[in-house]
Colleague: 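One structure is given below, represented as C-alpha cells, and several questions about it will come after.
Proteins get letters first, then strands, A, B, ... in listed order; numbering begins at 1 in each. Every value quoted in this text rests on a predicted model; they were computed, and no experiment measured them.
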Number of protein chains: 2
Amino acid sequence: MSQQRHGSTPGEADGVPAFPDLPEATIARLPEYLRALHHLAETGAETVSSEGLAAAAGVNSAKLRKDLSHLGSYGTRGVGYDVALLVYQIEYILGLDKNRAVCLVGVGNLGHALAGYAGFASRGFRVVALFDADPKKVGEEINGLIVQHTDDLERIAAEESIAIGVIATPPGTAQAVADALIAAGVTSILNFAPGVLSVPPNVDVRKVDLAIELQILSFHEHRKASLTALPGGRAAAVAADAAPGKAAPGNAVPGNQEAVGS
Amino acid sequence: MSQQRHGSTPGEADGVPAFPDLPEATIARLPEYLRALHHLAETGAETVSSEGLAAAAGVNSAKLRKDLSHLGSYGTRGVGYDVALLVYQIEYILGLDKNRAVCLVGVGNLGHALAGYAGFASRGFRVVALFDADPKKVGEEINGLIVQHTDDLERIAAEESIAIGVIATPPGTAQAVADALIAAGVTSILNFAPGVLSVPPNVDVRKVDLAIELQILSFHEHRKASLTALPGGRAAAVAADAAPGKAAPGNAVPGNQEAVGS
DNA sequence: GTATGTGAAAAGCTTCACAGCG
DNA sequence: CGCTGTGAAGCTTTTCACATAC
C-alpha cells in the first residue's frame, strides 16, 4: 500500500492514468459514498456539498473531503461536487466498470441466499458459477445457475476467468476451497467461513463473520449494562449520556456502521 | 465511545469488577481469539503461547499480547496462557455468558438464511423472534419459529426483552424497523440493509454490506491489474512484489481478514 | 460569500525491543 | 532460558482550521 507517489509520478507520463494509492480506510468508505451518490442522483440532485454527501454516507465532512481529495480535485469551491462526475470517478477507481465474474462455493443456508442476492448483480458483479461438495446439491438450479461439484472448481474457475471467489462453506473445507481458487488464478476472496485463511501475499482476502459481529455487539451491551447497573444509581445516568457533543445522527460503534471491513 | 475513563476509577472500589475500557480495535479481535482458543481447547491444548495463539488467529504476537494485556494479566511468563482461563475471561468480557435474545427482521433471501444460521445459536445467541412485513410470509415456520408481522415488532420485542435486533429488510424499510426496535428498548443493531441508520447515541449499530465487501475487493483487483498491465513491463514486476517485508502468511487486505468491523 | 482542498495537530493503533518474571 | 507484559517509537487515520478558489 505505498507503491507510487503521484505528483513526482515516475514512468507513465502519458496515456495511462497513474493509479493513486489510497489509504485503506478511504477505500473502504468509497463504496458507501457511491451508494449515497446513486441515491442522490435518483432524487435529481446534480451537485452536492461535502456536508450533504457526508451526512448521506454517515461520516463527517472533513473526512469526506480528505477522502475525495485523494482521488483528485473533482469539486468546485463555493459549489460542491458534481454528482455524475463523482459517481464516474469512484466507479472507475473501484474498477466497477469491469463487470467482474464471481463464483460462489458452498450452497448451504447462507450460500443459497448469497446466490440470489440482488445486491451483487446490481453492482457490476456477475455470479457465473456455483459449487458445492455435496452430491445431493450438485445439479440443483439456483437463480438460473446449475450447482457444480467442487472437484471441478479449479478447472471451471480458470476457464471462466473468475475474478472473485466467495466462500460460504463450513469452516473445515474453507482452506481447501481457497487453495483451489488460488490455483485457478483467483486473487480476491470473500470468506464467510469462520477461521483464518492462509494465502499468498498477492491474494486479497476479506472476511465476514456474522457471529463475530454479534459478539462485538454483545460486548457493547455488556458494557452499557455494567455502567447502568452501577450501585449508587447516579453513575448510570452520567455514563448513559456522557459525551455531550456527540449526539450526532446515525452512528455509534465507531469502527463500523460505514465501512465494515475494518 | 468514550464514556468512562478508568484509572482514576470513580466509585466501585469493591465487589463489581470495574469494566476495563478496551480499544475498539482490540474488542473486534477478541471474538477471533476466542474462536481460535475454542479450537485449541478441542485439540486438547491446555496452554498456548502468544506466538501460537497469534498464528491461529491470524495476527502478530505483539498485537495479541497487547490486546490480552488490556484484559489483565492472565499469562504465565516462560509458559504461555492457560487456554481455559482465557476462554472464560474473554467470554466474560464479551458478555457471552448472558445468552442474549436476538430477533431478526426481514425473512427474505438473506434473512431466511440468517434465521437458520447455526453460528448464532452456538455462540450464546438465541434467535427468539422473526418478523416480516409481507403477509404472505407471516405464519411461515422457520427453524421452529413462526414469522410474525412487523406491526407487532415493537410490542413483542419489548415483551421478550430482545437485546440485539438484526435487520435484513430491503433498504427502504430499514430505518422504520430500527426506530421500532429502539422504541422497544433494543440498544444493539446488526444491519444488513444498505444505507445509513440514524440512531440515538446510546444505540450501537454494526453494518454488514455484502456488496461493499465485493467492491473493496474489486478495487484491489483493479489495482493489481493496473500494476501488472503496465506498458514497459518492468514496472509491473517491481510493483507486483514491492513491500518486501510483507510476504507474511495468511493475510492481505490489511483492515480485514481478522476483524471485519471495520 | 461559500465550500473545497490541505497543511498541521491530535488521536488511535501497531510494531519494536527489552525488562522482568517464572 | 523462554515468554509475557509494556514503555517508547512509528505509522495510520481522524480532526481541526484556514488559505484558496470559484
Colleague: Separation of A/Lys66 atom NZ from D/dA17 atom C1', in whole Å?
Modeller: 11 Å
Colleague: Quick one: A/Leu68 CG to C/dA3 P, roughly how many Å, whole number?
Modeller: 16 Å
Colleague: Starting at atom CD of B/Gln89, determine the distance to atom P of D/dT4, rounded to an integer number of angstrom.
Modeller: 17 Å
Colleague: Separation of A/Glu24 atom CD from C/dC13 atom C1', in whole Å?
Modeller: 15 Å
Colleague: Is B/Asn60 close enough to C/dT14 that one of its side-chain N or O atoms is under 4.0 Å from OP1 or OP2 there?
Modeller: no
Colleague: Check the distance between C/dG7's C1' and A/His70's NE2 and give it to me in whole angstrom.
Modeller: 12 Å
Colleague: Nearest whole Å is fine: how far is C/dC13 P from B/Leu64 CG?
Modeller: 17 Å
Colleague: To the nearest Å, give me how far apart OH (A/Tyr81) and P (C/dT2) are.
Modeller: 18 Å
Colleague: Whether the side chain of B/Lys207 engages the backbone of B/Ala193 through a donor-acceptor N/O pair (distance < 3.5 Å, no angle test) should be reported.
Modeller: no
Colleague: For A/Leu22 and D/dT14, what is the distance between atoms CG and P respectively, to the nearest whole Å?
Modeller: 13 Å
Colleague: Quick one: salt bridge (Lys or Arg N to Asp or Glu O under 4.0 Å) partners of A/Arg35, sequence neighbours excluded?
Modeller: A/Glu32
Colleague: Nearest to the side chain of A/Ala25 - D/dT13, D/dT15, C/dT14?
Modeller: D/dT13
Colleague: Please figure out whether A/Arg65 or B/Glu51 has its closest DNA chain D nucleotide nearer the 5' end.
Modeller: B/Glu51
Colleague: Ion pair present between B/Arg223 and A/Asp21, side-chain N to carboxylate O less than 4.0 angstrom?
Modeller: no
Colleague: Think A/Ser49 has a side-chain N or O under 4.0 angstrom from the OP1 or OP2 of C/dA3?
Modeller: no
Colleague: Measure the acute angle between the ring planes of A/His222 and B/Phe19, then classify it against the limits of 30° and 60° as parallel, tilted or perpendicular.
Modeller: perpendicular
Colleague: Under the 3.5 angstrom rule, does the side chain of B/Glu51 hit a backbone N or O of B/Ser61 as a donor-acceptor pair?
Modeller: no
Colleague: Parallel, tilted or perpendicular for A/Tyr88 and A/Tyr92, by the 30°/60° rule?
Modeller: parallel
Colleague: C/dG5, C/dT4, C/dT14: which one has an atom nearest the side-chain heavy atoms of A/Ser50?
Modeller: C/dT4
Colleague: Tell me, which of residues 72-79 of chain B have any heavy atom that sits under 4.0 Å from an atom in DNA chain D?
Modeller: B/Ser73, B/Tyr74, B/Gly75, B/Thr76, B/Arg77, B/Gly78, B/Val79
Colleague: Taking A/Thr76 for its side chain and A/Val79 for its backbone only, find out whether a donor-acceptor pair lies under 3.5 Å.
Modeller: no
